[in-house]
Student: 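One structure, as C-alpha cells, below. Some questions next.
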Amino acid sequence: MRIFGQNIDFCEIMDYTKYNKPEVGRGVAFGVNEAGEPYAREARGCFRLHEEPWLAEYPDNFPTDIFEVRFKNTRRSFYQNVNNLQLQVGDIVAVEASPGHDIGIISLTGDMVARQMRRLGFNPQNGEFKKIYRKARPYDIEKWQEAIALEHETMIRSRQIAADMGLDMKIGDVEYQGDKIKAIFYYIADGRVDFRELIKVFAEQFHIRIEMKQIGARQEAGRIGGIGACGRELCCASWVSSFSSVTTGAARVQDLSLNPLKLAGQCSKLKCCLTYEYDVYADARRSMPRLREPLQAIDGEYFLVKSDILAHTMTFSTSKDSMSNLVTIPVSRVREILSVNRNGEKVESILGEDFEPQVEEPTYRTEEDSITRFDKAKKRKKKKNRHNSDERRETRDESKESKESNANNGSQNAQSVQQGNQGGQQNGQQSGQQGNNRHNRPHKHRHNNHNKPKQE
C-alpha cells in the first residue's frame, strides 16, 4: 500500500500475532517478545504530526546530540542525549520529567532537529535541555502500558466531577506520564476557570499529581484528528503546529462566498487553509483598478459586475440592477477607457478595435463535480408503493375475470332462452290452451323450460 508517497507494508510494520492493536494517540503497539517480556514497537501512520524522512539518506552535516521526542497526540519536545546512546527514529526512550520520568518515541534526528527548533522558535528552559536517560526497558514498557489503559476511564470520570462542580469547561483529553505518577488534563473553556478545588478533588480521586493545560478549539481538533472537506487529513493533525488568526477578510480578498458552513472547519472556526493563498490574491488585487463610477461609452454606461483577479479580467453590464449584456474585457483595456473618461470623452466601443471574442471550451464536467450541487433543493420523486401497486393489479385482474364470466353467462342465458321459445312453439301447436297460459306468464314458462328436458 502506498501512503504519503511511500510504499508501506503493514505486515512488515505490525505483526498482529505478536503485537496488539496500535495505540493511535502515541503511534505505538505493544506485544511480548520471545522471553515473555513486554515490548513496544512504533506504528507508522498512527500518530499526529507525522513527518517524512526526506534527508534520511544524506549524512548529517552538523552532528548533534539533540533529539526530538514525541508523546501523545501533538505533544513534542527536544531532549539531549547525555549518555551518548545509539538512537534512531522510532526508538522508545525514557526521558527526564518533573517529577519522575516519561516515556516517548524518537521522531527527529540530525540536521532536521535544528531546522525544526528554528521553525518552532523553541527555547530550552534556563538554557538547558532535558535529558534522555536510557532506552525503555521491559519494566518501563509494562508500566507505560498500564498508564495508557487508565486514560480513557480517568477522562470520563473527570468530566463527571467537573460537571458536578458546575465548572464551565470541557475536559477533552488526559495524558498519563510514563511512570504513572502524574497526568496532564487538557481542557477547553471560553474564559478563565478557577479549578483550584477541582485539582484537589482530582488528586484525592486518582492519587496522582495533576497538571491542567488549557487548549483552543484548533488544538483540540489537531489532537482528535479527522478528514477535511478536501478529502485529506486535517492540517492541524498532520503538519501545522502553530496557529495564526484567520479572519473573514481573507475570504473577501479571494472573492469567496461568506457562507459559514463552507468557511468553517471541524473546530467550528475559520479554516486555516484560507490563509495559504491569501498573499497571492492580495498581490494580484493591487494591480486591479478601483472603479467608483461606470465606464462611459457612446452606446451607454457599463457597470462593474465582477472581477477575476487571477485572470486579470473584469466583467461589466449595461444595467446597474441586472446581469444583462455582460461584457468581459482585460484590465489593460479598462485602464485605457478610464484614461479617456478622465478627459471628459467617451470611447466608441468598450470592446476596442482589436478585441477578439473568447469562445468558452467545454469542460466536460458533470454536475457531481460542482461544489454548489447541494445548494439547490431537488424535488424528490414519489416512490411507488409496491404493495399497493400489486393490490391494484390484482383488483384489475379480478374485475377483468368477472366481466368475462358475466359475458359468458349472458351468452349461455341467451341460448337457453332461444331454445325455450322453440320448445314453446311446438307445445303451442299441440295444445292451444297451454300456449295461451305460457303467453300470459312468459317468465315462469321460460323458467320451467329450463328445467324440462328438450322434446324432439
Student: For residues Tyr176 and Thr154, is any side-chain donor paired with an opposing acceptor at under 3.5 Å?
Tutor: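 Per modelled atom types, Tyr176 and Thr154 side chains form a pair under 3.5 Å.
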Student: Between the side chain of Arg159 and the main-chain N/O of Ile171, is any donor-acceptor distance below 3.5 Å?
Tutor: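 Between the backbone of Ile171 and the side chain of Arg159 there is a qualifying donor-acceptor contact (under 3.5 Å).
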Student: Kindly check if the number of other-residue, nucleotide or ligand heavy atoms within 6.0 Å of CD (Gln160) is above 12?
Tutor: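 Yes, CD of Gln160 has more than 12 neighbouring heavy atoms, counting only those of other groups under 6.0 Å.
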Student: One pair to check against salt bridge (charged side-chain N to carboxylate O under 4.0 Å, His left out): Asp102 and Arg75. What are the steps and the verdict?
Tutor: CA-CA 12 Å; Asp102 202 354; Arg75 187 169 75 92; 2.9 Å; yes
Student: Got a second to check how far Leu234's CG is from Ile227's CD1, nearest 0.5 Å?
Tutor: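 Separation between the atoms: 7.0 Å.
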Student: Do you know which of Lys213, Lys72, His152 makes side chain to side chain donor-acceptor pair (under 3.5 Å) with Asp173?
Tutor: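 Output: one option passes, namely Lys72.
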Student: Are any of the side-chain heavy atoms of Leu338 and Pro289 separated by less than 4.5 Å?
Tutor: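 Counting from C-beta outward, Leu338 and Pro289 do come under 4.5 Å.
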Student: Rounded to the nearest 0.5 Å, what separation is found between the OG atom of Ser77 and the CD atom of Glu96?
Tutor: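 Nearest 0.5 Å value for the OG-CD distance: 10.5 Å.
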Student: Is Gln266 reaching over with its side chain to a backbone N or O of Ala221, donor-acceptor style, under 3.5 angstrom?
Tutor: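 No; judged by distance alone, with no hydrogens or angles, the pair does not exist.
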Student: Determine whether Met169 and Leu198 satisfy the following criterion, side chain to side chain contact (heavy atoms under 4.5 Å, CB included), listing intermediate values before the conclusion.
Tutor: CA-CA 11 Å; Met169 60 185 298; Leu198 181 66; 3.8 Å; yes
Student: Under 3.5 Å, is there a donor-acceptor pair between the side chain of Asn73 and the main chain of Ile224?
Tutor: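 Between the backbone of Ile224 and the side chain of Asn73 there is no qualifying donor-acceptor contact (under 3.5 Å).
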Student: Would you please indicate yes or no on a ring centroid separation below 6.0 angstrom for Phe185 and Phe195?
Tutor: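 No, the ring centres sit 6.0 Å or more apart.
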Student: Taking the side chain from Glu211 and the backbone from Lys182, do they hold a donor-acceptor pair closer than 3.5 Å?
Tutor: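 No: the side chain of Glu211 does not pair with the backbone of Lys182.
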Student: How far does OG1 of Thr64 sit from CD of Gln80, to the nearest 0.5 angstrom?
Tutor: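 Taking OG1 in Thr64 and CD in Gln80, the distance rounds to 8.0 Å.
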Student: Can you classify the ring geometry of Tyr79 versus Phe71 as parallel (below 30°), tilted (30 to 60°) or perpendicular (above 60°)?
Tutor: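 If you compare the ring of Tyr79 with that of Phe71, the planes turn out perpendicular.
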Student: What's the verdict on salt bridge (charged side-chain N to carboxylate O under 4.0 Å, His left out) for Arg333 and Glu336, showing C-alpha distance, side-chain angles and the deciding distance?
Tutor: CA-CA 5 Å; Arg333 177 58 181 169; Glu336 294 177 1; 3.2 Å; yes
Student: With a 3.5 Å cut-off and no angle check, do the side chains of Tyr186 and Glu175 form a donor-acceptor pair?
Tutor: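 Judged by distance alone, the side chains do pair up.
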Student: Going from CG on Asp91 to OG on Ser107, what distance comes out if it is rounded to the nearest 0.5 angstrom?
Tutor: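 Atom-to-atom, Asp91:CG and Ser107:OG are 11.5 Å apart.
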Student: Above 12 or not: heavy atoms from other molecules or residues under 6.0 Å from CG of Asp168?
Tutor: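 No, because the 6.0 Å sphere around CG of Asp168 holds 12 heavy atoms or fewer from other groups.
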Student: With rounding to the nearest 0.5 Å, note down the distance linking OG in Ser287 to CD1 in Ile309.
Tutor: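 Answer rounded to 0.5 Å: 9.0 Å.
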Student: Are side-chain N/O atoms of Gln177 and Asp179 paired as donor and acceptor at under 3.5 Å?
Tutor: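 On atom types as modelled, these side chains qualify, holding a pair under 3.5 Å.
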Student: Output the distance between atom CD (Glu151) and atom CD1 (Ile184), rounded to the nearest 0.5 Å.
Tutor: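 Between atom CD of Glu151 and atom CD1 of Ile184 there are 10.0 Å.
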Student: Between Asn341 (side chain only) and Gln296 (backbone N and O only), is there a donor and an acceptor less than 3.5 Å apart?
Tutor: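 Answer holds: yes.
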